[in-house]
Amino acid sequence: MTITMRAGGEIDELLRKVEALSSQNLAGCYQCGTCAASCPLRGSMDLPPDALILHLRFGLPGVLDRQTFWVCVGCDSCVEHCPRAIDVSKIMAALRQISIQESGDHLALAQLPETALRRLPAIALVASMRRHTG
Amino acid sequence: MEATFEPKILGMLCSWCAYAGADTAGVSRTQYPPNIRIVRVMCSGRIDPLFIARAFESGADGVLVAGCHSGDCHYISGNEYAKDRITSFGGMLDFFGIDQRRLKLAWVSASEGTRFAAVVAEMTEELRALGPLKLKVQ
Amino acid sequence: METHTYDTLVIGAGISGMQAALDLADKGYRVLVVERQASVGGTMVKLDKTFPTNDCAICIAAPKMVELARHPNITLMTNARVERVSGSVGNFEVAIWRQTTYVNPLTCKGCGDCARVCPVEVEDQFNAGLSKRKAVYLQFPQAVPAVYTIDYAHCVGCGACDRICEVGAISFLKRSQALTVNVGSMIVATGFEVLEPTELRREYGYGRFPNVLTALQYERIISASGPTDGKITRPSDGQTPTRVAWIQCVGSRSLKGGYPYCSKICCMYATKEALITLEHAPDTQATIFYMDLRAYGKDFQQYYRRAADHGVRYIRGRPASVEENPDQSLTITYEDTLTGEVHAEQFDMLVLSTAVVPSSDNRRLAQAAGIAVDAHGFFVSQDELLAPLQSTREGIFLAGGAQGPNDIPDSVAQACGAAGLAAIPISMRKRAAEPEPLPERDVSADESRAGVFVCGCGKNIAGYLDISAVATFAGTLPGVAFAETCTFACSEDAQRRIRTAVEEHGLNRVVVAACSPITHGPVFQQTISEVGLNPGLFEMANIRNQCSWVHSHANDHAPATAKAEGLVRMAVARADKLRSLPAQTVEVTPSCLVIGGGVAGMTAAVTLADMGITTYLVERESVLGGKLNTISTLAPSDTPAGEVREQLVRAVLQRPRIKVFLSAEVSEVEGYVGNFRVTLDEGVGGAITQLQVGTMIVATGYREADLRGRYGYGDDLRVITQLELERRLRDGTLGTPRSVVMVNCAGSMDAANPACCRIGCTISVKNARMLRRAAPEAAIFMLYQEMRVYGKGQEEYYTHMIEEVQPFRVRYDSARPPEVRARGRGLTVSVYDTLLREDLSIEADLIVLTAALQGDAQTPRLKQMLKVSTDAQDFYSEAHAKIRPLDFTTNGVYLCGADHYPRTIPDTIAQAAGAASRAAIPLLRGRVTVEPIVAEVDPAVCTGCGDCVPHCPYGAMGMDITHGVVSIAEVLCKGCGTCVAACPSGALQQRGFSDGQVLAMIEAAWPQ
Amino acid sequence: MGSSMQIAYYPGCTIKASAHQHEGAALAVLRTLGVELREMAEWNCCGVVHSLTSDNLIRHMAPVRVFARLREQGENEVATLCDMCFNTLARANLHARQQPEQIAAISVTSGDELSYDGGAGVLHLLQVLRDRVGLAAIRAHVRRPLRGLRVYPYYGCKLLRPAEVGIDDPETPAVLRDLMQALGATVVEGSLQTQCCGAYHVVDHAEIVAGRVAATADQASAGGAEAIVLSCPLCHYNFDTLQATSGAPLPVFYYTQLMGIAFGLEPDQLGLEEQQIALLPLLQRHNLVHVKGEQA
Ligand SMILES: Cc1cc2nc3c(=O)[nH]c(=O)nc-3n(C[C@H](O)[C@H](O)[C@H](O)COP(=O)(O)OP(=O)(O)OC[C@H]3O[C@@H](n4cnc5c(N)ncnc54)[C@H](O)[C@@H]3O)c2cc1C
Ligand SMILES: Cc1cc2nc3c(=O)[nH]c(=O)nc-3n(C[C@H](O)[C@H](O)[C@H](O)COP(=O)(O)OP(=O)(O)OC[C@H]3O[C@@H](n4cnc5c(N)ncnc54)[C@H](O)[C@@H]3O)c2cc1C
Ligand code: SF4
Ligand code: SF4
Ligand code: SF4
Ligand code: SF4
Ligand code: SF4
Ligand code: SF4
Ligand code: SF4
Ligand code: SF4
C-alpha cells in the first residue's frame, strides 16, 4: 500500500487529541524500539508501541481499530526505559479514552459469568472497568 | 648433533614499530629464545635484499624482517615497498638453494611485545626443524 | 617560595595536551605541562587501534610522549594539579600542588624490582580494573616518565620497595610540594572520562554481570599489551566468546537516565572494536545495536561499510534489557526496528558504548581557574560559533575532550588551534633560541678508537648476564680503545665518567651497551657532544630489553652473556663505520601565504598576524567570505552569516600584517619549506605578483556536487539545493510553500560516492527550523538515511527542532533512494520509509537537496602545484589521519577548513587557528632543521634510471635534468631510506644507515 | 507485648474481599513485631488505577478523598498492603503535590469541598518493614528459619514503577530478597520478577495473563525455586489461578505468610488454606509446619 501525504494537509486530528490528552510530544520519539522490546505484552499487541506512535505521527488510518492500547495495562516498563522520556503509557491511555468517547465502552461486564465476577479480585474488576469504560 | 642445534637468526627491524615492539617484550619480561640478533633500521623500506643475502652468507640460518603493520608506517608507505621487495626476493631464494621458509616477514606494532616474542620463538623452532643452512660454495 | 616563569601552562597531557605543548615549545616558548597522573598519554594510550585507519594507538602516541619528555622547552610535572589561578592574561599566577610519589624520578631506573617485592595488589585502573598491579607501579610499559610511582592510597608502608631499590630512589620522607608559577597563557586539555553505568542504565547489567564490559575495558582486552595480551576472552571464565554484542548510546542521547548529547566517537569505536574482533577470530559473530550510526567523518562511512561487508551485523534497535543465563551468557531483548520484530537473543559477551562524560576533576579546576563549565561539567567556550577554543576567561584556551566528546584528529586540530591562540598573548616575549651546535672535533681522518661502556642497570642486566665478561670481551674487539662496566650508565656520575674517558683516552666513538636507543640514545648523544663528539658517533647495544630481560635464566647466565657479546660485537663493528652527521639548517622567509578567503582562510590569516607574522591572503573571488556570502543564518546560534562575514573581514582588514589579494589565483609554486616562491595571477588585465614565503596554508573550501539529472534537479526550478535554499531564505524569496521535502544524502552514501558529507544533517536540521519560521503552515518532510547530528550541542539542537517543528522524518535506504516526479502542476516524491515499512508518495511544492559536497573545482590544478594529494572527492589528504590532521606530507604546507573535509564553522575556526599554529613553527624558529639521516646520491654512480623517485613518500627526489641524475631535496627528506633500497646501482646511501654500516653489523652478528 | 509503633492503615477493597489471608497474616506478623496497624475509620475505594490522561480529572478524586479523610482523622501517614492501592495513592499524592491547582479545580466542580495539599505520606507495608522495623529486628523474631526453602520473589509493576513512587530500584529490586533472606530462605532470581503479570486482563483476556504467569513460573522453576512470594493481591490471584505451566504449579505466598511461618505463628492465623495451589505440602516437606494429628 502506498500512503499519500498531501500538500497542505492539516495536522492529523487524532494526533492532536492524543498529544493534548497525554501531554506528550510524539515528534520527540526516536523510533528506537526500546518500548517495544521492554513491553511484556507486546506479543498480544497488533502494533508495537513505537509503530503506533509512528502511525499516529503520519496520520495513518485505522489506529483506533488496533488492539494495542487495549492490551497495554500501564505497567510502565516502557516508560521506565524510554531514553527520550516519552510516557507511552499515557499515550495508550489517551487512545483508550478517545476510542471510548467515539465508540462507547470496550468491555461488557454483563457478559462475564456471574461466578467469575464473584471470584475475581475487586481491583481487577475496577481496573478493568476503569480502563475499558468512559 | 642435530638435537642441540641452535639456529642463528638475524632480525632487521624498523625503529618505530617492530623495534619498539621488541622493547615492549623486554619491559614486559616476555621470554623468548636467545637466538636472534637485531639490526635496527629506520624503516623496513630501507632493507635491501643485499642485506638478507649477506646475512645468510655470514652464517644466519634465518632472517626476520619486521616492520609496521600496513597503514602504520611512520614514513607513510615504506613498509609497503618492503613487503613487495622482500616477498619477491623470497621467491628467488630457492635459486640460491635456500629454503624460502628461512626468510620471514612479520608486522609487529609497538605494543605487540608478546607477538614479537612469539614470532621469534616460532621461527626458532621452524629453523631448528630445518637444520643448519648449508650454502652451496660458489 | 620561589616562582618559576613559563610562557604557557598546559593542563592535562593526553594527546591534546601533548600536541598543544609541542606546538608551543617548537615555536620556542617555554611550556609547563601539569598532568595529574603518573604518566602522560591520557586515554589514547589505552586504546588498541584507532578508527578509521586502524593504526596502532601507542605506535603513534609513544613518539609524541618521548618527544614531550625530551623537549628542551618543556617542563613536565606529573602527579600534579592546579590549585588556583590569579592575575590575568600575560601574567597569570598559578598555584600548583605536586603530590609526592616517594620515588625520585631522577634516579629511578624503571627496573621494577620494587614492584616485584611489593605485597599490595590493587585494581589496575589503566586496564580499567581488569587486572591487578602493585602499590608501587609503572602505569604501562611505555609510560613517560618511565619512573615507578608509589600509590600512597594503597601503600601499607612496609618498606620492602625501599630495601630492594639499588639506587635508593625511594624515600618516604619526600614531601608533596606546593609551588607557584607565572605564565602568560594557559591551555586546558583535561580530556574526558567514560560513564560507568552502575547508576544510570542499570538495565544492561554492568557491574552485575561479569561479561558486560564498557568499551574502554574492551579496548584493553583487545590491546596487545592489555591484561589478556590481546586475546579476546570472557572475564567470567577466560573462554573465547563467539557472539559479541555492542549496545550504542548507553547513557548518551537520553533525556532520562543519561546525558542529552551524543558522545560522537562511540559509533566509530564500536565499529572498530567489532572489526578488530573479527580480525582476531573471523568466526565470531559481532553485532552492534544502534539508533543512528554516526559515521560522519572523513572515510568513516567507508569504514562502516567495510565493517558491514566483513560481516559485522548492525541492528537498528535499542535493547530494553539484558539478563544473565546460568552459563553466564547474556540474553538481550531488542526490537529490530527495520522489521518490527522483537527478539531475545543470546550473546557471550556484551560491550557497552557508554557516554563520554567530563573529567571528574573539571568542576574543581573550573573554580580554581575561574572559567565556566556547562551543566554537565565540560568546559565551555566564550562563543560556541566564533570562538570555540576560547574559554570564558581571557588567555585561557580549551582543547580536545575537555570541551566535549572528540576523536583524536579533532582533538589534535583543536590542540594546535589552542596553541596558536595561546601564542598570541606571549608573542612579544623572547623565545628560546635554537640551541647552538657545540664545537666538534673532526675525527674523519682518525683511526677508530671506540670506548665501550657496559651497563649493569643495577641487577636488571647484571643479574642475568656477566657484564664484566662482556666488557672484557669488548676490550678485545678491533678498534676498541677502552672498555668498562658501570652500574647505571645513565646516572649523572656515569655520564661524567664517560666524558672523562673520552677525553683521557682520546676516544672518537662511544658504544653504550645498556637499554634501548629509542629511550636512552639521545641522553648519551647529548653527553658525548659535550666533549666534542658528533652525536652520529654514538652507538648503543640493547642488552637489557633484547637480552637480560627476555632471557632471564636465574642460574644459567651463559646464553644471555653470549648474546650480549654478540650485540656488543655488532655495535662495535658498526661504530667503526660511523661518520659525523652534519646538523644542517635552512634559513626561512618569515611569512606565510594563505590560499582561500573563506572562514578558514581569514581565521588562519588573523591568527598568524596576531602571532606577529606577515601574511598574504589570496582569494579567487572579488570579495572575502566564501560561503558566508550565501548562507542565511548560522547554526548553532542563529547569527546571520552576513554579520559573521563583516566581523571577520573587518578583523582581516584591520591587521596591517595581512596583505589581501582579491580576484587572484596561485599560478606557480616553486621551492620548498622555508623558501617557497609563489606567483599570483590576478587574471586578465590584473597584476602578476611574485611572493617569497616560508610556509603556506591551503583553505580553498568546498562546493556542492553537481546533481543535474538526479532528483529532478536542473529540470524543475522547485528542486533546489541547501545552499540555494540558504540564498532564498536570506533574500526572503522563499514564497509560501505548503509542503517542503528535504532529501538528505543526495549524491552521498551511495555506490558512486560512498562518503558522508558530515554536515548535511545539521544543515537540514537548521533549515527545517528556518523553513518553519518562513512558512509556518508548511508540512516539512525530512528524508534521511541516518541522522548524523553528532557530538555535544548538535543532538540537543536536533531534539529541540523535532519537538518544535514537528517535521515528518522519513528514514530511507540507499538501496531504494527517493524518486522525484513531476505530476500535473505539482511534484511528487516517492520513497520507502524503512521504519514505517510503507511506501510513501509525498506531494511537494519545494524539494531541497542536501547535496553531496566536494573540494573546490580548482583543486586538481592546485594540488599539482603544491605536490600534495587528494581523495576521489577532491578533498585534500592530510599527512596522517590521526596525529597530523593539519599538515600535508609536503613540509611547510598546511591545510584547514572544508577543503580537507566538510565541517561546521566552529570546527573550521579551530582547525584554521591550528593550521596557523603549525605554519608559524618554522617561521618563528627562523630556520628549519634538516633531518640528519637523509639520503644522499653519488652522481658519479647514478645512472639516472629514476627507479627510486616514486618510492619517496615525501616527494624529496627529483631528476636533475641537466646532469641526468637524481637529486634529493634534503629539507624534504625524512630519512626512511626507502629510496636507497630501491636503487639498482648503489648510487644512493642513507647517512647513519649506509650499506657499509648495516652490513658491518650483519657480518659481525656471529663470530666469523 | 505492648505496641511500640502505630501506623494508620488503608486496607482497600481487595484486601477486605478476596485477599483477607494477606491482611490476617500481616496483622498477626506486625503484632509480633510490635507494630499496630490502625485501620482508617472511614475509607473509600482508591480508584485502583491512576488516571493518565489530562482531561480525566474527576478520576483523581477518589484517592484524594482518602487523603482528606486521613487528615480528618488526625493522621498524616498511611500504610497499605495492596500494591495497586499503594501505587494509586502514591501517584495521586504526587499529582496533588505537583499540580495543586488541578486538585482544587476538581474539588470545587464536584461540589466536594475537599482540600488536600499532597503533604501526607503513603507507605507500602514493605517499606514499613524495611525502613521502620528494620531487617535486624525481623531477623531477631525468626523462630523457625525457612532454611532450605527456595523462593522466587515476584515484584510485578506497581511496587516499582514509575520510579518516582516506586519503593525500590526498578531494575534490581532487593526488598523481597532481603526480607526472605532475613527469614532464612534461599532466593532464586530472574529477569521476569519485575515484569507485569498481565494484571486485570484476567477479567476478559485471561490468556494474556496465563502466558505471562507461565513464563514467570517457568523461569522460577528453572532456577530451582519451589515457591513464588509476592505482595500484590492481583498478582497473587493471577499466579494462583492461572499457573498452567508444564511442570507442577508453584505455590504462591504473600510475604506476610512466610513471615508468619518463620515467626512461628500458628498456620491457621495465616490463611494458608485459602489458595488454589496448596501451600501446606511444601511447608511440611521443609518441616516448617506440622499437620495436626500427624505429629510424631
Ligand atoms: C573506548 C574508546 C575508544 C576510542 N577509540 C578512538 C579511535 O579509535 N579513534 C579516535 O580518533 N578516537 C578514539 N577515542 C577518543 C580518544 O580517546 C580521544 O579523542 C582522545 O583521547 C582525547 O584526548 P585528550 O587529550 O583530549 O583527552 P585525554 O586522553 O582524556 O587526556 C586528558 C589528560 O588530562 C589529564 N587530566 C584530567 N584532569 C586533569 C586535571 N585536573 N589536572 C591535570 N591533568 C588532568 C588526564 O589524566 C589525562 O592524561 C576513543 C575513546 C574511547 C573512550
Ligand atoms: C547549505 C549550507 C549551510 C551551512 N550552514 C552552516 C551553519 O549554519 N553553521 C555552520 O557552522 N556551518 C554551516 N555550513 C558550513 C560552512 O559553510 C563551512 O564550515 C565553512 O564555509 C567552511 O569555510 P571554508 O573557509 O573552509 O570554505 P569556503 O567557505 O568554501 O571558502 C573557501 C574560499 O576559498 C576560495 N578559493 C577556492 N579555491 C581558491 C583558489 N584556488 N585560489 C584562491 N581562492 C580560492 C573560495 O572562493 C572561497 O572564498 C553550511 C554549509 C552549507 C553547504
Ligand atoms: S522507547 Fe521512547 S523513543 Fe524509543 S521508540 Fe519508544 S517511545 Fe520512541
Ligand atoms: S505500559 Fe503498556 S505499552 Fe508500556 S510496557 Fe506496559 S503494557 Fe507495554
Ligand atoms: S626499584 Fe628503584 S629504580 Fe627500580 S623501579 Fe623501583 S624505584 Fe625505580
Ligand atoms: S612500602 Fe608501599 S609501595 Fe613499597 S612495597 Fe610496601 S606497600 Fe608496596
Ligand atoms: S556516537 Fe552518538 S549515536 Fe553513536 S553511539 Fe555514541 S552517542 Fe550514540
Ligand atoms: S642506561 Fe643502563 S642503568 Fe640506565 S636505564 Fe639503561 S640499562 Fe638501566
Ligand atoms: S546528509 Fe550528509 S551528513 Fe547526513 S548522513 Fe547524509 S551524507 Fe551524512
Ligand atoms: S630516504 Fe625516504 S624520505 Fe628521504 S629521499 Fe629517500 S625515500 Fe625520500
Side-chain angles (χ1 to χ4, degrees), chain B residues 6 8 10 12 15-17 19-52 54-55 57-60 68-78 81-82 85 109-115 117 120, chain C residues 48 53-60 62-63 110 112 138 141-142 223-225 229-230 515-519 542 544-547 549-552 559-560 562-563 566-567 570 879-880 889 933 951 953-954 974-978 980-982 990 992-993 995 998-999 1001-1006 1008:
Chain B
E6 286 299 338
K8 301 194 274 290
L10 189 93
M12 279 182 264
S15 189
W16 302 97
C17 296
Y19 194 92
D23 274 353
T24 301
V27 179
S28 322
R29 315 293 202 270
T30 312
Q31 301 291 308
Y32 57 85
N35 302 49
I36 190 167
R37 302 284 179 274
I38 292 169
V39 173
R40 180 174 73 104
V41 288
M42 293 315 290
C43 176
S44 52
R46 170 68 183 94
I47 297 165
D48 193 321
L50 168 72
F51 299 168
I52 301 167
R54 188 65 59 85
E57 279 168 29
S58 309
C68 305
H69 286 274
S70 189
D72 277 2
C73 179
H74 189 81
Y75 303 100
I76 304 170
S77 51
Y81 288 115
R85 226 173 259 153
S109 79
S111 64
E112 290 176 331
T114 322
R115 181 175 147 76
V120 175
Chain C
D48 180 44
T53 43
N54 269 7
D55 38 13
C56 158
I58 190 77
C59 298
I60 52 181
L138 187 67
Q142 299 86 353
S223 166
S225 56
D229 285 337
C515 47
S516 175
I518 296 180
T519 54
N542 191 346
R544 187 183 72 175
N545 296 42
Q546 283 176 16
C547 193
W549 269 353
V550 290
H551 315 309
S552 327
K563 177 166 172 184
L567 295 176
M570 291 164 79
H880 190 285
T889 48
I933 51 173
H951 285 235
Y954 303 99
K974 298 253 165 60
C976 62
T978 304
V980 183
Q990 182 185 9
F993 290 89
D995 285 354
V998 177
L999 289 172
M1001 280 186 97
I1002 292 174
E1003 287 160 5
W1006 291 278
Q1008 290 302 304

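Chain identifiers are assigned alphabetically (A, B, ...) following the order of the sequence lines, protein sequences preceding nucleic acid strands; residue numbering begins at 1 within each chain.
- The CZ atom of B:Arg46 lies 9.0 Å from the CZ atom of C:Phe993; values are rounded to the nearest 0.5 Å.
- Note on B:Asp23 versus C:Arg544: no salt bridge recorded, every NZ/NE/NH1/NH2 to OD/OE distance being 4.0 Å or above.
- Ranked by non-hydrogen atom pairs under 4.5 Å with chain B, the options C:Asn54, C:Leu567, C:Val550, C:Val980 are led by C:Val550.
- Of the residues considered (B:Ala25, B:Ala117, B:Gly113, B:Ala60), B:Ala60 shows the highest number of contacts with chain C, using heavy-atom pairs under 4.5 Å.
- Highest contact tally toward chain B, considering only C:Pro559, C:Pro517, C:Ala57, is held by C:Pro517 [criterion: heavy-atom pairs under 4.5 Å].
- Here B:Gly26 is the residue among B:Gly21, B:Ala110, B:Gly26 with the most heavy-atom pairs under 4.5 Å with chain C.
- Contact of B:Arg29 with chain C is made through backbone and side chain together, with heavy-atom distances under 4.5 Å.
- Using a 4.5 Å cut-off between heavy atoms, C:Asp48 makes no contact with chain B at all.
- Proximity to chain B (any heavy atom under 4.5 Å) is shown, for C:Ser552, by both the backbone and the side chain.
- Interface remark: C:Ala62 contributes no atoms to any contact with chain B (heavy atom separation under 4.5 Å).
- Residue C:Ile60: no heavy atom, backbone or side chain, is found under 4.5 Å from chain B.
- Here B:Arg40 pairs with nothing under the salt bridge (Lys or Arg N to Asp or Glu O under 4.0 Å) rule; sequence neighbours left out.
- Contact of C:Ala562 with chain B is made through the backbone alone, with heavy-atom distances under 4.5 Å.
- Interface check for chain B: of the options C:His880, C:Gln142, C:His951, the most heavy-atom pairs under 4.5 Å are formed by C:His951.
- Proximity to chain C is limited to the backbone of B:Thr30, based on heavy atoms less than 4.5 angstrom apart.
- Note on B:His74, B:Glu112, B:Lys8, B:His69: by heavy-atom pairs under 4.5 Å with chain C, the leading option is B:Lys8.
- With respect to chain B, the highest number of heavy-atom pairs below 4.5 Å among C:Thr889, C:Ile518, C:Asp229, C:Ile58 belongs to C:Ile518.
- With hydrogens and angles ignored, the 3.5 Å screen pairs no side-chain donor or acceptor of B:Arg37 with any backbone N or O of C:Gly566.
- Closest approach of C:Lys563 and C:Gln546 over heavy atoms only: NZ-O, 2.9 Å.
- Panel note: side chain B:Arg85, backbone B:Pro49; no donor-acceptor pair is recorded below 3.5 Å.
- Among all heavy-atom pairs drawn from B:Gly45 and C:Ala981, the shortest one is O-CB, 3.3 Å.
- Between chain B and the options C:Cys547, C:Gly992, C:Ala879, C:Ala982, heavy-atom pairs under 4.5 Å are most frequent for C:Ala982.
- A distance-only check finds no donor-acceptor pair linking the side chain of C:His551 to the backbone of B:Gln31 [under 3.5 Å].
- Comparing C:Gly977, C:Gly110, C:Ala1004 by how many heavy-atom pairs each has under 4.5 Å with chain B, the most go to C:Gly977.
- The backbone N or O of C:Gly975 sits less than 3.5 Å from a side-chain atom of C:Gln990, completing a donor-acceptor pair.
- At a 4.5 Å heavy-atom cutoff, B:Ala82 makes no contact with chain C through either its backbone or its side chain.
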| task | Begin with the C-alpha distance, continue with both residues' side-chain angles, and end with the deciding distance and a verdict on side chain to side chain contact (heavy atoms under 4.5 Å, CB included) for B:Glu57 and C:Ile1002. | result | CA-CA 10 Å; B:Glu57 279 168 29; C:Ile1002 292 174; over 6 Å; no

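- Taking the side chain to side chain donor-acceptor pair (under 3.5 Å) definition, one finds that B:Tyr81 meets it with nothing, sequence neighbours left out.
- Using a 4.5 Å cut-off between heavy atoms, B:Ile47 touches chain C through its backbone atoms (N, CA, C, O) alone.
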